Amino acid sequence: MQASAPKCFRDKLLSLLSAKHNGSKLALAGILLLTVVVFYPSLDNGFTNWDDTDFIVDNPLVHDAGMSGLYRILVTYKVESFAFLHWAIDYHLVGAKPFLYHFTNLVLHLVITFLFYALVMQWSKNNWIALTATLIYAIHPLHVEPVAWITGRTYLWYACFFWLTVLSYLRYYHTQQWSWYGLAIAGYVFALLSFPTAMALAPSLFLLDYLYKRKIDKKALLEKIPFFAFAVISGLLTLTIREDKTVDIEDYGIFERIAISAYSYIYFLVKLILPYGLSGFYPYPDQINGNLPSTYFIYPIMALIILIATVFSMRYGRAIFFAVMFYTLNILPSLRLIPVMGEYMTADRYTYVSQAGLIWLIAVGLHYCFHFQHRFAPVFRILIIGITGIGILASGIISFNRSNVWQDSISFWSDVIRKYPQATVAYLNRGNAYQDQGRSDLAFEDYNRLIGMKPGVSKSYNDRGFLHYSQGNYEMALSDYNHALSQDPQNAEALNNRGVLYQQIGNFEQAMKDLNLALQIDPALTNAYNNRGNLFRALQNPENALADYGKALELNPEYHMAYLNRGILYYRNNAFELALKDLNQSIQLAPGQPQAYRNRGNIYRKQGNMDAAESDYRKAISLKPDYWEAYDNLAMVLSSTGRSAAAMAAWSTCLKIKPDAAGPLFNRAFARFNQGDLPLAIEDLSLLIDYHPDFGRAYQQRALAYYHLKDLAAAKSDADKAAALGFPISPAIYQTLGQP
C-alpha cells in the first residue's frame, strides 16, 4: 500500500537529514542558529508607520477576532488576506505589543529556510550545494525586509506556500500520485491568498519541467490549467481591488516604465553579489525637464543582453537558463510596467522568492570552482573559501545592522533619507512620527523641508497645519489647511481638520460646511463623523450627535474617541449608565487617554462614589501631569470629603498650570468661603474678576463675602454688577444693602 501524501512528504523531508547525509543535520542546525543570531535585533523592533499602523495597529478588521471579522478580512483583502488573518490572531493574543509579531516573522523565516534547503536538495542532489545555498539565502541582506518589517509577513507566507507548492509539484512529478498534485494546487491557492505575485509560479512550473528534462506533452499542459486559472483570477482581483494607483509611475510613458523596470531587474542582480546601499524605500528617479534621466535607457539594453546570453547558455546545460528565467518570471509581476502598487520604485522583498534560483546557481558555481582540477587547484580553493567566507561574514554583519533599521518609524525613515535625501515621502512620514512623539521642532523641520522640496503636495500642508493646530497656532494652521485645499480641493482630511479648527474658534457654520463636504468626498472618513458629532453636541443637537457617533462606531467598532465623546454626551444629558458603558469601553480600547478617566470620575462624583472618582482623577493626572481640569475635580472631591488642606494643595497645583482658569478659581474661593476664610475667598474672586470681568457668579459670591464682613458698600457694588450679569443675590440680603 502506498503511503499517504502528508506522511510521505514528512518522511521525504526527514530523510534529507538522515545519517546518509553525513553532518547535514548539525550543519543545517548551525545555519538556523546563525540566522537567529543575525535577525535577533529585529525582536526589539516596534511598529512603523510604513503600513504597520494602517494594516495592524489601527485596523478594526484585524482587531475583530470573531468569525465575522475573519470573514470581513477575506472579503476585504482577498488576494492578501492570509497575513491579515494571522495578524488578527496575533492581535487577539497580545494586542498592539510588537514582540510576538516580530518573533512570528523570524520563525516563519526559519521554516522557509528549511523548505529552501529541502528544495535545493531536490534540484541538486548535493548536500554541500544545498547547505551553501541555504546559508546564503538565510542571511542575505536583501531578505532582511520581509523578516524585520512586520508587514513583510505577507511575503513570508507567500514564500512559505510557494516552496510548499514547488516541493509538492516535484513530488507529484516523481511519484505521479494525485494526492501530491492536489497538495500543490492547495498550496498555490494559499500562496495567492498571501500575495498576488505568486501568480508567477504557474509559468514557473514549465521551468521546473525543463530543469528535470520533462517532455511537454498534452498531460503536462493539462496539469498546468488549474494553476493558470487561479493565476488569472488573482491577477484580475489585484487589478480591480488595488486602490493605491495614484503613484508616480503614472507620470511616465510606457518606454520610461520599461526603463525603470529594467533598472530594478538589473539593480537586484547587482545587489545579490554586492548588497550595499540597501533601503526600505526606493523612490522614483527625479525627472529632468519632465523626462526620465537618459542613463536609465541603458538598463533595457543590459537586460536584453542578459536574456540573450541566457538563451545561448542552453547549449551548455540547463542550470543557468533555469535560474535566470526563474528570477525573471518571479520578479516580473513586481516591476512597474503596470501602475498598480505603491509610490516606491521597487523593494528588497521582491527578491525573497525570485532570486532563489540564482542563489542555487551561485552555490553550484562555488562547488564547481572548489572541485575544479588544475595544478593551482589548492591555491584556487583557498581563494574561493576566503572570498566566500568574507562574503558570508559581510552578509551577516549587514543583515544584523539592517535588522535595527525597522526599530521604529524614525529610524526607518532616517535610513531612507540617508540613502535618498530627495525621498519626499520619507520626510512626511518621519515628520508624522516626530509629531506623534511630541517632538514638534523636528516635525516642523521635516514638514518645512518637504514643502520646500515639493510645494505642491497637499498632504504636507495638511500635516503641518495639524501640528500648528495642536500647538494652538490657529492662524498658521488655517493658512496651511487653506494651502492644502488650494492644491487639492478634494482632500477630505484637510477639510475635516479645517472643520475642527473652525469649530474651535467658534465659526460653527463654516465648520459644518467643511465636515459635510469631507464626508461627501469620503463617506468612510471615520473621524469626520466623530468631529461632526462633537459639533452637533456643541450646537445642542444631541440626536444628530448620537447618529454621527454611531456611524463612526459602525465604520470602526474600536474607535475609542467616538465612545469617549458619546459618553460625554450621555453624561451631559444625565444618562449616567450609558455614559459609564461608553467610557468604560473607551478606556478598555485605549487605557492611556486621561480625558476618559476624568469624565468617568465626574460621573462617579455625581453618583456619590467619591473613592472611585478620586481614583480616576488621580489616574488622569498620572497620564497627563498638566491636566489642570483633573486637579480641579480632584480638589472638589478632597474638599467634599473633609480633606481641606489636600484640596487647597490640588487647587494650587491646578492654578500654577492654568492661572486664569475660571472654574478652579471660583471653586477654591467657594471652598474658602464655606470654611469662613473670607479674605482669601475675596482674593480668589478678585483675581477671577480681573481675568474674567463678565463672570457674574464671581461678583455674586464676592458680594456675599463682603456682606459677611460688614463691608456693605462693596457688597452693594458687587451685587449690582452680579444682577446686571444675571446673577442676583437674595432679595433679603439685597434689601439689607439698601435696596428699596
Side-chain angles (χ1 to χ4, degrees), residues 109 112 116 133 136-149 152 154-156 158-159 162-163 195-201 204 207 249 256-285 292 295-310 320-338 340-363 365 391-392 394-395 398-399 402 405 415-416 419-420 423:
H109 180 58
I112 293 163
F116 180 75
I136 297 171
Y137 185 89
I139 65 172
H140 199 283
L142 283 171
H143 298 168
V144 173
E145 181 175 270
V147 181
W149 181 36
T154 55
Y155 250 74
L156 293 173
Y158 148 59
F162 193 104
W163 298 138
F195 207 76
T197 52
M199 66 182 73
L201 176 54
S204 297
L207 287 175
I249 192 64
E256 291 178 318
R257 293 180 193 174
I258 291 173
I260 289 173
S261 298
Y263 169 84
S264 299
Y265 180 86
I266 299 297
Y267 177 86
F268 286 123
L269 287 176
V270 174
K271 296 306 176 184
L272 176 61
I273 307 300
L274 300 172
Y276 64 92
L278 302 180
S279 174
F281 181 91
Y282 296 96
Y284 285 97
L292 186 70
T295 54
Y296 275 79
F297 292 98
I298 298 173
Y299 294 102
I301 299 173
M302 296 173 63
L304 184 60
I305 291 172
I306 289 172
L307 293 176
I308 292 173
T310 299
I320 295 176
F321 182 84
F322 169 79
V324 175
M325 293 310 299
F326 187 90
Y327 168 69
T328 303
L329 282 176
N330 285 282
I331 202 169
L332 187 62
S334 301
L335 302 180
R336 292 300 191 249
L337 291 172
I338 300 175
V340 295
M341 294 184 292
E343 51 193 329
Y344 46 92
M345 182 170 60
T346 190
D348 292 352
R349 60 188 178 277
Y350 296 159
T351 68
Y352 194 63
V353 167
S354 63
Q355 286 187 346
L358 296 173
I359 292 173
W360 166 66
L361 186 63
I362 290 172
I392 290 173
S395 289
I398 294 171
S399 294
R402 281 200 60 73
V405 167
D415 181 75
V416 173
K419 311 290 177 50
Y420 297 98

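Below, all heavy atoms of this structure are taken into account, side chains as well, without hydrogens, waters or symmetry copies. It should be emphasised that the depicted structure is a prediction, and the values quoted were computed from it without experimental measurement.
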Peer 1: Would I306 and I266 satisfy side-chain contact (heavy atoms from CB on, under 4.5 Å), going step by step from the backbone distance to the final call?
Peer 2: CA-CA 9 Å; I306 289 172; I266 299 297; 3.5 Å; yes
Peer 1: Return the minimal non-hydrogen interatomic distance between P285 and M345, and the atom names on each side.
Peer 2: CD-SD, 3.7 Å
Peer 1: Ignoring hydrogens, what is the shortest heavy-atom contact between A423 and P283? Give both atom names and the distance.
Peer 2: CB-CG, 4.0 Å
Peer 1: Given ring-ring contact (aromatic ring centres under 6.0 Å, His included), test F322 with W360 step by step and report yes or no.
Peer 2: CA-CA 10 Å; F322 169 79; W360 166 66; 5.8 Å; yes
Peer 1: Between Y352 and H109, do the side chains contain a donor N or O and an acceptor N or O under 3.5 Å apart?
Peer 2: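 Side-chain D/A pair, H109 to Y352: present.
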Peer 1: Quick one: do D348 and K271 make a salt bridge, cutoff under 4.0 Å?
Peer 2: no
Peer 1: Quick one: do I273 and I362 satisfy side-chain contact (heavy atoms from CB on, under 4.5 Å)? Show the steps, please.
Peer 2: CA-CA 10 Å; I273 307 300; I362 290 172; 3.8 Å; yes
Peer 1: For a quick test of reading the model, state the closest non-hydrogen atom pair linking Y296 to L292 and the distance between them.
Peer 2: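 What the structure gives for the nearest pair is CB-CD2, 3.5 Å.
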Peer 1: Grab the two heavy atoms, one from P275 and one from H140, that are nearest each other, plus how far apart they are.
Peer 2: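 For P275 and H140, the tightest heavy-atom pair comes out as CB-CE1, 3.9 Å.
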Peer 1: Between Y267 and Y282, is the ring centre distance below 6.0 Å?
Peer 2: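 Y267 vs Y282: aromatic centres under 6.0 Å.
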Peer 1: Could you check whether any side-chain N or O of S264 sits under 3.5 Å from a backbone N or O of L335, counting only pairs where one atom can act as donor and the other as acceptor?
Peer 2: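 Looks like no, no N/O pair under 3.5 Å.
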Peer 1: Would you say the side-chain atoms of K419 pair up with the backbone N or O of L278, donor to acceptor, closer than 3.5 Å?
Peer 2: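 Flag set: sc K419 to bb L278 pair under 3.5 Å.
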Peer 1: Any sub-3.5 Å donor-acceptor pair from H143's side-chain atoms to Y137's backbone N or O?
Peer 2: yes
Peer 1: In this structure, which one of L142, I331, T197 forms a side-chain contact (heavy atoms from CB on, under 4.5 Å) with Y350?
Peer 2: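 One option only clears the test, and that one is I331.
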Peer 1: Looking at the rings of Y155 and F195, which for Trp means the six-membered one, are their centres under 6.0 Å apart?
Peer 2: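 Ring centres of F195 and Y155 closer than 6.0 Å.
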Peer 1: What is the distance from atom CG of L332 to atom OG1 of T328, rounded to the nearest 0.5 Å?
Peer 2: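 Interatomic distance, L332 CG to T328 OG1, rounded to 0.5 Å: 8.0 Å.
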Peer 1: Verify the distance criterion only: is there a donor paired with an acceptor across the side chains of S204 and N330 at less than 3.5 Å?
Peer 2: yes
Peer 1: Do you know which two heavy atoms are closest between A303 and A262, and how far apart they sit?
Peer 2: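 The answer is CB-CB, 4.4 Å.
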Peer 1: Under the 3.5 angstrom rule, does the side chain of Y327 hit a backbone N or O of Y265 as a donor-acceptor pair?
Peer 2: yes
Peer 1: Rounded at 0.5 Å granularity, tell me how far OG1 in T346 sits from OH in Y284.
Peer 2: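 One gets 9.0 Å once the value is rounded to the nearest 0.5 Å.
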Peer 1: Under the side-chain contact (heavy atoms from CB on, under 4.5 Å) rule, what do L207 and F321 come out as? Steps first, then yes or no, please.
Peer 2: CA-CA 9 Å; L207 287 175; F321 182 84; 4.0 Å; yes
Peer 1: Kindly indicate, with the supporting measurements, whether the criterion side-chain contact (heavy atoms from CB on, under 4.5 Å) is fulfilled by L329 and L201.
Peer 2: CA-CA 8 Å; L329 282 176; L201 176 54; over 6 Å; no
Peer 1: Do you know the tightest heavy-atom contact between L307 and M325?
Peer 2: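 Closest pair (atom of L307, atom of M325, distance): CD2-SD, 4.1 Å.
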